[in-house]
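See structure below.
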Amino acid sequence: GQVKFQGTDSVRHMKSPCILIVPPATLHGLAYSEDVTGRILTMSDDVVESFLPDTNSVLGFFFFLHTIPVSAQATADFKAILDLLIHTENELFSNLVGKDLMLKASFINLFVLIYRLFEIQEMANKTESDPKALKYFRAFQKNVSNSEFPKSIPRFAKELHISTVH
């Protein structure tokens, strides 16, 4: 299905599966096609900060707008996030012993998994957008697999026609 995000200064169209991170206090609206199913998790910035103290890169990530399209290669990671979200929701509405501790662990796990998925997708996008770097990397991989060891880095570089600092 399709999801349309309307912010105060932007409109983003996304195809499912995807994850949308909307920072606290961001005025926004969402419109879905009829075939979209999904979950929405709303948390205050104080709650997010309480779960992620002293983790600047992960914490800071959740204070900016992000759209994370899920590639075919990342469907297992996305499923893990969905399963954890369902588990966390069940825990939230339970009366089990250790509920607070389990919720904290679940939310930390959830935030880190989402952040990792974003990083993986970003790296994949950079590799796809730089075919020259990908070409050299593939040549390097092929060279390593066909190589007689030991071979030095300068020798690999010479065979790839690049400098040793690349």
Side-chain angles (χ1 to χ4, degrees), residues 1-45 47-94 101-145 160 166:
Q2 303 286 325
V3 177
K4 176 183 169 186
F5 169 84
Q6 175 73 54
T8 54
D9 58 355
S10 68
V11 175
R12 296 183 188 199
H13 296 272
M14 298 167 291
K15 185 178 178 187
S16 64
C18 64
I19 296 174
L20 176 64
I21 305 295
V22 181
T26 300
L27 186 61
H28 66 282
L30 299 168
Y32 310 94
S33 60
E34 290 181 14
D35 57 340
V36 169
T37 59
R39 300 209 177 275
I40 295 176
L41 173 65
T42 303
M43 301 179 81
S44 73
D45 51 347
V47 171
V48 174
E49 288 175 3
S50 73
F51 289 134
L52 298 172
D54 303 323
T55 55
N56 292 336
S57 59
V58 177
L59 176 61
F61 169 79
F62 288 95
F63 288 95
F64 293 94
L65 179 66
H66 297 285
T67 53
I68 309 169
V70 179
S71 67
Q73 296 81 10
T75 53
D77 296 328
F78 184 70
K79 184 178 179 338
I81 290 168
L82 280 179
D83 290 345
L84 183 57
L85 189 56
I86 292 166
H87 167 78
T88 304
E89 182 180 299
N90 291 337
E91 188 69 36
L92 185 63
F93 296 107
S94 75
L101 187 57
M102 184 60 81
L103 282 174
K104 183 174 183 173
S106 294
F107 279 121
I108 290 169
N109 195 1
L110 182 66
F111 294 151
V112 172
L113 287 175
I114 291 170
Y115 180 72
R116 286 179 178 172
L117 177 64
F118 175 77
E119 289 292 316
I120 289 167
Q121 297 292 97
E122 284 292 297
M123 288 183 65
N125 290 341
K126 285 180 184 174
T127 302
E128 289 173 10
S129 65
D130 189 0
K132 189 174 183 181
L134 184 59
K135 176 186 159 202
Y136 282 120
F137 181 67
R138 287 187 178 152
F140 175 74
Q141 286 180 316
K142 186 175 183 180
N143 198 325
V144 169
S145 66
L160 290 171
H166 284 93

If you look at every heavy atom in [X] and [Y], which pair is closest and at what distance?
X   : Y    : answer
M14 : T67  : SD-CG2, 3.2 Å
C18 : V70  : CA-CG2, 4.0 Å
T88 : S106 : OG1-CB, 3.2 Å
S33 : D35  : OG-OD1, 2.5 Å
L65 : S10  : CD2-OG, 4.4 Å
I21 : I68  : CG1-CD1, 4.5 Å

Practice problem: Say whether, by atom type as modelled, one donor and one acceptor occur between the side chain of Q121 and the main chain of P69 under 3.5 angstrom. | Solution: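 Yes, because the side chain of Q121 sits within donor-acceptor range (under 3.5 Å) of the backbone of P69.
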Does any part of the side chain of [Y], heavy atoms only, come nearer than 4.5 Å to the side chain of [X], both counted from C-beta?
X    : Y    : result
I86  : R39  : yes
Y115 : S57  : yes
L30  : V22  : no
L85  : L110 : yes

Rounded to the nearest 0.5 Å, how far does [atom2] of [Y] lie from [atom1] of [X]?
X    : Y    : atom1 : atom2 : value
E34  : Q2   : CD    : CD    : 13.0 Å
I120 : D77  : CD1   : CG    : 5.0 Å
L103 : S94  : CG    : OG    : 7.0 Å
I19  : H66  : CD1   : NE2   : 11.5 Å
F51  : N109 : CZ    : CG    : 12.5 Å
R116 : I114 : CZ    : CD1   : 12.5 Å

Practice problem: Starting from the C-alpha separation in whole Å, work towards a yes-or-no answer on side chain to side chain contact (heavy atoms under 4.5 Å, CB included) for M102 and H87. | Solution: CA-CA 10 Å; M102 184 60 81; H87 167 78; 4.1 Å; yes
Quiz item: Applying the ring pair (Phe, Tyr, Trp, His ring centres under 6.0 Å) test to F118, which of F61, F62, F64 qualifies?
Solution: F61
